[in-house]
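Input: a single structure, listed below in structure tokens.
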Amino acid sequence: MPLEQHQAQAVRVNRRRLYAIAGQQYPGVTTILSATKPAAARMALNQWRQRVGSETAKQISGQASSVGTRLHKQIAAHLQGQPVDIPPDVSAYWDSMQAVLGDVEEALLVEGAVWHSAGYVGFPDALALYAGKVYVCDWKTALKPKRIEWIEDYCLQVTAYAQAVEQVYQPQGVQVEGALIAIALADQPAQVFTLQPAELADYWQRFQRRLSEYYRRRPRQ
């Protein structure tokens with residue numbers, strides 16, 4: 001049964017982007033992860049920009065962001081039983097996701113805001129019954145297949161969402177049984193990475209360390 005959907009309002013506080021919800025102001029999960037990205041990951045990104053050139057890198061990133069945003073919009077519509085309108089340049093990624101979406105039995109929450117008293121807010125793409133279990137779902141796009149060791153921040157992201165979902169919807173008895181990261185590819189079926197409870201527990205410890213680092217650099221107001 002669908003859950004109540006909450007909204008968070010974006011606000012600017014001392015030139016920082018925060019979200020106001022439930023009487024509090026929190027940074028977003030993606031902001032936290034971006035601000036605390038390990039030096040090795042930052043170096044790899046800078047090396048890629050230097051290799052392809054700044055203008056090409058900007059163009060690739062912009063196109064990827066545009067495709068990803070529009071794909072998310074159509075998946076959200078689909079999960080809510082609304083008509084979809086797939087743009088031509090998104091169709092290959094939409095087709096890539098079909099097997100994954102076919103295993104989604106029911107969407108309990110689509111792009112609603114969730115928050116955690118540890119000090120963050122997030123916007124999971126979906127909370128759904130997937131293969132018979134309650135999963136936090138995150139939809140991604142990529143030009144090439146990924147390895148699990150390359151997507152640690154994605155894993156931390158869905159883990160933070162899972163913890164927030166359980167806290168917000170504790171009165172309804174919601175328990176997250178796993179997390180799903182589906183990466184749409186233009187020329188093959190989507191990659192599917194699933195995290196089970198033991199893995200989520202490990203990533204939760206890692207996320208809390210990143211969260212502590214974020215607040216060390218940017219003390220709460």
Side-chain angles (χ1 to χ4, degrees), residues 3 5-8 10-11 13 16-45 65 68 72 108-128 130 133-142 146-170 172 174-183 191-221:
L3 297 167
Q5 186 160 345
H6 299 282
Q7 301 294 328
V11 296
V13 179
R16 292 167 57 188
R17 181 184 178 90
L18 302 175
Y19 293 93
I21 193 166
Q24 302 292 327
Q25 294 176 339
Y26 296 126
V29 169
T30 54
T31 296
I32 292 163
L33 293 175
S34 177
T36 60
K37 190 177 291 292
R42 292 184 182 278
M43 183 179 297
L45 181 59
S65 177
H72 276 74
L108 307 176
L109 181 70
V110 178
E111 297 184 348
V114 294
W115 62 99
H116 196 282
S117 58
Y120 65 87
V121 65
F123 303 88
D125 292 336
L127 180 71
Y130 174 80
K133 294 184 178 181
V134 177
Y135 272 60
V136 170
C137 303
D138 200 50
W139 322 122
K140 304 291 188 183
T141 60
K146 304 291 187 181
R147 297 178 184 174
I148 188 67
E149 58 266 28
W150 298 348
I151 61 168
E152 178 172 350
D153 276 12
Y154 294 173
C155 297
L156 296 175
Q157 183 181 358
V158 293
T159 298
Y161 293 163
Q163 290 289 329
V165 164
E166 289 195 341
Q167 191 169 99
V168 171
Y169 295 104
Q170 183 179 16
Q172 290 76 31
V174 174
Q175 291 188 322
V176 176
E177 299 174 275
L180 165 73
I181 302 164
I183 303 177
Q191 279 187 288
V192 175
F193 298 92
T194 58
L195 303 179
Q196 301 308 313
E199 295 166 299
L200 289 174
D202 176 58
Y203 281 115
W204 176 236
Q205 296 299 317
R206 300 190 208 181
F207 178 77
Q208 289 182 94
R209 290 194 289 271
R210 297 276 288 270
L211 184 63
S212 295
E213 180 182 349
Y214 176 86
Y215 278 117
R216 281 196 301 271
R217 299 179 183 181
R218 299 166 175 78
R220 301 192 194 208
Q221 303 298 316

(message) For the CD1 atom of I151 and the NZ atom of K146, what is their distance to the nearest 0.5 Å?
(response) 9.0 Å

(message) Tell me every residue that passes ring-ring contact (aromatic ring centres under 6.0 Å, His included) with Y26, counting only those two or more places apart in sequence or in another chain.
(response) none

(message) Contact between V29 and W115 at the side-chain level, heavy atoms closer than 4.5 Å - yes or no?
(response) no

(request) Any chance you could measure R17, atom CZ, to T30, atom OG1, to the nearest 0.5 Å? (result) 8.5 Å

(request) Work out which heavy atom in P124 is nearest to a heavy atom in G112; give both atom names and the distance. (result) CD-O, 3.4 Å

(message) I'd like to check the side chain to side chain donor-acceptor pair (under 3.5 Å) partners of E177; sequence neighbours left out, ordered by chain and number.
(response) none

(request) Give the minimum heavy-atom separation between A8 and I21, together with the two atoms involved. (result) CB-CD1, 4.0 Å

(request) Look at the side chain of T36 and the backbone N and O of I32, then say whether any donor-acceptor pair between them is shorter than 3.5 Å. (result) yes

(request) Determine whether L33 and R210 make a side-chain contact, defined as any pair of heavy atoms from C-beta on separated by less than 4.5 Å. (result) yes

(request) Under the ring-ring contact (aromatic ring centres under 6.0 Å, His included) rule, collect the residues that match up with Y214, sequence neighbours excluded. (result) none

(message) Below 30° counts as parallel, above 60° as perpendicular, anything between as tilted: where do the rings of W204 and H116 land?
(response) tilted

(message) Could you work out, with salt bridge (charged side-chain N to carboxylate O under 4.0 Å, His left out) as the rule, every residue matching E213, not counting sequence neighbours?
(response) R217

(message) If I take atom CD1 from residue I181 and atom CD1 from residue I148, how far apart are they, to the nearest 0.5 angstrom?
(response) 6.0 Å

(message) With rounding to the nearest 0.5 angstrom, report the CD to OG1 distance, E199 to T194.
(response) 7.0 Å

(message) Using side-chain heavy atoms (C-beta onward) and a distance below 4.5 Å, is L211 in contact with Y215?
(response) yes

(message) Return the CD to CD distance between E111 and Q7, rounded to the nearest 0.5 Å.
(response) 10.0 Å

(request) Looking only at non-hydrogen atoms, find the nearest pair between A128 and C137 and report the distance. (result) CB-SG, 4.2 Å

(request) For Y19, check ring-ring contact (aromatic ring centres under 6.0 Å, His included) against everything at least two apart and list the hits. (result) F123

(message) Measuring from atom CD of Q25 to atom CZ of R16, what distance do you get when rounded to the nearest 0.5 angstrom?
(response) 10.0 Å

(message) Counting C-beta onward and ignoring hydrogens, is there a side-chain heavy-atom pair between V114 and L109 closer than 4.5 Å?
(response) yes

(request) Please name the pair of heavy atoms, one in H6 and one in Y169, separated by the smallest distance, quoted to 0.1 Å. (result) CD2-OH, 3.4 Å

(request) Report yes if the side chains of L127 and V176 come closer than 4.5 Å at any heavy-atom pair, otherwise no. (result) yes

Please set out all donor-acceptor pairs under 3.5 angstrom arising from side-chain atoms of residues 154-165, sequence neighbours excluded.
{"unit_1": "Q157", "atom_1": "OE1", "unit_2": "K140", "atom_2": "NZ", "d": "3.0"}
{"unit_1": "Q157", "atom_1": "NE2", "unit_2": "Y161", "atom_2": "OH", "d": "2.9"}
{"unit_1": "T159", "atom_1": "OG1", "unit_2": "C155", "atom_2": "O", "d": "2.8"}

(request) Could you tell me whether Q170 atom CD has more than 12 heavy atoms of other residues or ligands within 6.0 Å of it? (result) no

